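As a basis for the values below, the full set of heavy atoms in this structure was taken, side chains included, without hydrogen atoms, waters or symmetry mates. Fair warning: this is a prediction, and the values are worked out from it, not measured in the lab.
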Amino acid sequence: MTEAQAILAHVEAGVLTLTFNRLHKKNAITTAMYTSLADALTEAAADSAVRAVVIQGHEQIFTAGNDLADFRNNPPSTDADKPVPVFRFLEALRTFPKPVVAAVCGPAVGIGTTLLLHCDLVYAGDNAAFSLPFVNLGLCPEAGASLLLPALVGYPRAAEKLLLGEAFYAEEAVDMGLVNRILPPHELAGYAQAQALKLAAKPPESLRITKALMKQSHAAVLPVLMKEEFRHFGELLRGPAAKEALSAVMEKRRPDFSKL
Ligand code: COA
């Protein structure tokens with residue numbers, strides 16, 4: 001399978017469906033996949049035939065987050081003004097003017113969870129497992145999560161998720177307001193499509209303005225913060241804690257941060 005096919009893009013009845021499709025690596029997202037996602041969203045934003053988007057994985061896995069080999073071998077530039085693929089994708093999603101529905105089954109790690117903060121409706125399979133293991137990898141949050149998560153769930157809960165980095169599950173995600181509804185995994189894709197089809201039938205300009213109004217409170221600060229997060233993230237990725245954490249993952253051992 002080439003990396004171009006690792007993101008499937010399919011338009012039907014006004015709904016663009018983007019599917020993570022790199023199952024042998026648990027849908028871990030490579031640079032090429034970020035490019036595919038960014039291109040698809042950028043084109044869809046300008047295409048009047050697309051009126052809603054679904055982002056989904058498979059019934060057992062949404063995504064294992066950023067490809068860890070890419071983190072080691074091809075770390076993104078620390079210069080957020082350079083349009084590197086992951087940042088292009090996040091910007092395309094943050095500014096996407098039409099409704100985005102996410103369907104999450106299985107693990108949604110790192111950016112697999114933070115991207116949800118930019119979606120409009122999030123549905124989860126009862127097997128969904130969300131996690132924000134940035135600190136455990138010697139990194140920091142991205143995608144505006146350091147603002148959006150505390151704003152959504154309150155500081156104490158956001159701190160628990162971002163500082164400890166432990167997984168949390170579908171019921172807690174609903175309780176936190178991150179997820180709209182839980183479904184059996186085999187029903188999730190169909191339900192997300194049905195919701196997207198409802199949105200695709202609504203007047204696009206009303207949807208666009210309603211979405212923009214709801215996002216307005218963070219619209220000025222978010223792009224600045226995302227660049228700051230990105231700069232820290234890139235620097236941390238080149239630092240000793242991330243090197244130790246990524247080596248530990250590859251060597252299937254616990255990381256040792258005691259000397260840092
Ligand atoms: N990047 C690259 N490869 C990954 C990956 C990632 N983020 N996550 C999983 N894989 C690969 C594994 O290396 C393994 O490849 P191999 O068969 O060639 O050895 C394959 O996917 C299966 O992974 P495995 O860990 O055996 O699957 P699992 O079902 O037991 O666990 C996860 C699934 C997602 C819970 C687990 O793989 C995981 O925690 N991955 C790391 C997630 C992460 O830290 N992401 C970065 C966030 S910032």
Asn180 (side chain) donor-acceptor with Tyr123 (main chain) under 3.5 angstrom: no
Whether His118 side chain and Ala143 backbone form a donor-acceptor pair below 3.5 Å: yes
Those residues that, when tested against Arg181, pass salt bridge (Lys or Arg N to Asp or Glu O under 4.0 Å) (two or more places apart): none
Neighbour count above 12 (heavy atom, 6.0 Å) for Glu171 CD: no
Pairwise distance OG(Ser146) to CG(Leu149) - rounded to 0.5 angstrom: 9.5 Å
Flag side-chain contact, heavy atom, 4.5 Å: Leu207 against Leu199: yes
Any donor-acceptor N or O pair under 3.5 Å, side chains Asp256, Ser258: yes
Minimum-distance pair of heavy atoms, taken over all atoms of Ala103 and Ala192: CB-CB, 3.8 Å
Geometric class of the Phe230/Phe87 ring pair [parallel <30°, tilted 30-60°, perpendicular >60°]: tilted
Short side-chain to backbone donor-acceptor contact, Gln56 and Val104, under 3.5 Å: no
Val122 side chain near Cys119 side chain, heavy-atom distance below 4.5 Å: yes
Verdict with reasoning, Lys161 to Glu172, per salt bridge (Lys or Arg N to Asp or Glu O under 4.0 Å): CA-CA 11 Å; Lys161 304 309 172 206; Glu172 187 178 0; 2.8 Å; yes
Closest heavy-atom pair and its distance - Phe71, Leu237: CD2-CD2, 3.6 Å
Test: Glu205 and Arg208 ion pair at under 4.0 Å: yes
Joint hydrophobic cluster, Tyr191 plus Leu16, side-chain heavy atoms closer than 4.5 Å: no
Rounded distance (nearest 0.5 Å) linking atom CG of Leu68 with atom CG of Leu246: 6.0 Å
Heavy atoms of other groups near Arg238 CZ, more than 12 under 6.0 Å: yes
From CA spacing to verdict: side-chain contact (heavy atoms from CB on, under 4.5 Å), Thr113, Phe62: CA-CA 9 Å; Thr113 291; Phe62 185 60; over 6 Å; no
Whether Arg22 side chain and Ala6 backbone form a donor-acceptor pair below 3.5 Å: no
Exceeds 12 heavy-atom contacts within 6.0 angstrom, atom CD of Glu235: yes
Shortest non-hydrogen contact between Gly125 and Cys105, atoms and distance: CA-SG, 4.0 Å
Within-4.5 Å side-chain heavy-atom neighbours: Leu115 and Phe89: yes
Partners meeting side-chain hydrogen bond (donor to acceptor under 3.5 Å, both in side chains) with His10 (sequence neighbours left out): Glu12
Heavy-atom side-chain contact between Val100 and Leu121 under 4.5 Å: no
Side-chain donor or acceptor of Lys211 paired with backbone N/O of Phe96 under 3.5 Å: yes
Residues Arg157 and Glu160 bridged, charged N to O under 4.0 Å: no
Single-linkage hydrophobic cluster, 4.5 Å side-chain cutoff, Val101 and Leu37 together: no
Residues Val15, Val53; criterion side-chain contact (heavy atoms from CB on, under 4.5 Å); working and verdict: CA-CA 5 Å; Val15 176; Val53 171; over 6 Å; no
Full working for side-chain contact (heavy atoms from CB on, under 4.5 Å) between Phe257 and Glu244: CA-CA 8 Å; Phe257 300 122; Glu244 165 60 10; 4.1 Å; yes
Side chain proximity check, Phe130 to Leu116, heavy atoms < 4.5 angstrom: yes
Any side-chain donor near an acceptor of the partner, Ser131 and Glu166, under 3.5 Å: no
Residues which pass side-chain hydrogen bond (donor to acceptor under 3.5 Å, both in side chains) with Glu251, listed by chain and number, not counting sequence neighbours: Arg253
Under 3.5 Å: donor-acceptor pair, side chain of Asn74, backbone of Asp70: no
Exam field: side chain Arg51 to backbone Pro203, donor-acceptor pair closer than 3.5 Å: no
Interatomic distance, Leu137 atom CG to Asn66 atom CG [nearest 0.5 angstrom]: 10.0 Å
Pairwise distance OH(Tyr169) to CD1(Ile182) - rounded to 0.5 angstrom: 13.5 Å
Where Leu183 and Glu187 come nearest, the two heavy atoms and their spacing: CD2-OE1, 4.0 Å
Verify same cluster id: Leu139, Val109 (apolar side-chain graph, 4.5 Å): no
Flag side-chain contact, heavy atom, 4.5 Å: Phe20 against Ile61: no
Shared hydrophobic cluster, Met226 / Leu152 (ILVMFWY, side-chain heavy atoms < 4.5 Å): yes
Gly65 backbone acceptor or donor facing Thr63 side chain under 3.5 Å: yes
Interatomic spacing from CG in Asp67 to OG1 in Thr31 - rounded to 0.5 Å: 8.0 Å
Non-hydrogen atoms of Ala145 and Leu162 that approach each other most closely: O-CD1, 4.2 Å
Non-hydrogen side-chain atoms of His232 and Glu142 separated by less than 4.5 Å: no
For Gln5 against Asn21, the heavy-atom pair lying closest together: O-ND2, 3.4 Å
Close side-chain approach of Leu148 to His218, heavy-atom, < 4.5 Å: yes
Side-chain (Lys98) to main-chain (Val50) donor-acceptor, under 3.5 angstrom: yes
Candidate pair Cys140 and Phe233, rule side-chain contact (heavy atoms from CB on, under 4.5 Å), full reasoning: CA-CA 6 Å; Cys140 69; Phe233 193 101; 4.2 Å; yes
N/O donor-acceptor pair under 3.5 Å between His58 side chain and Lys26 backbone: no
Separation of Leu23 CG from Gln60 CD (nearest 0.5 Å): 9.5 Å
Transitive ILVMFWY side-chain link Ile29 to Leu117, under 4.5 Å: yes
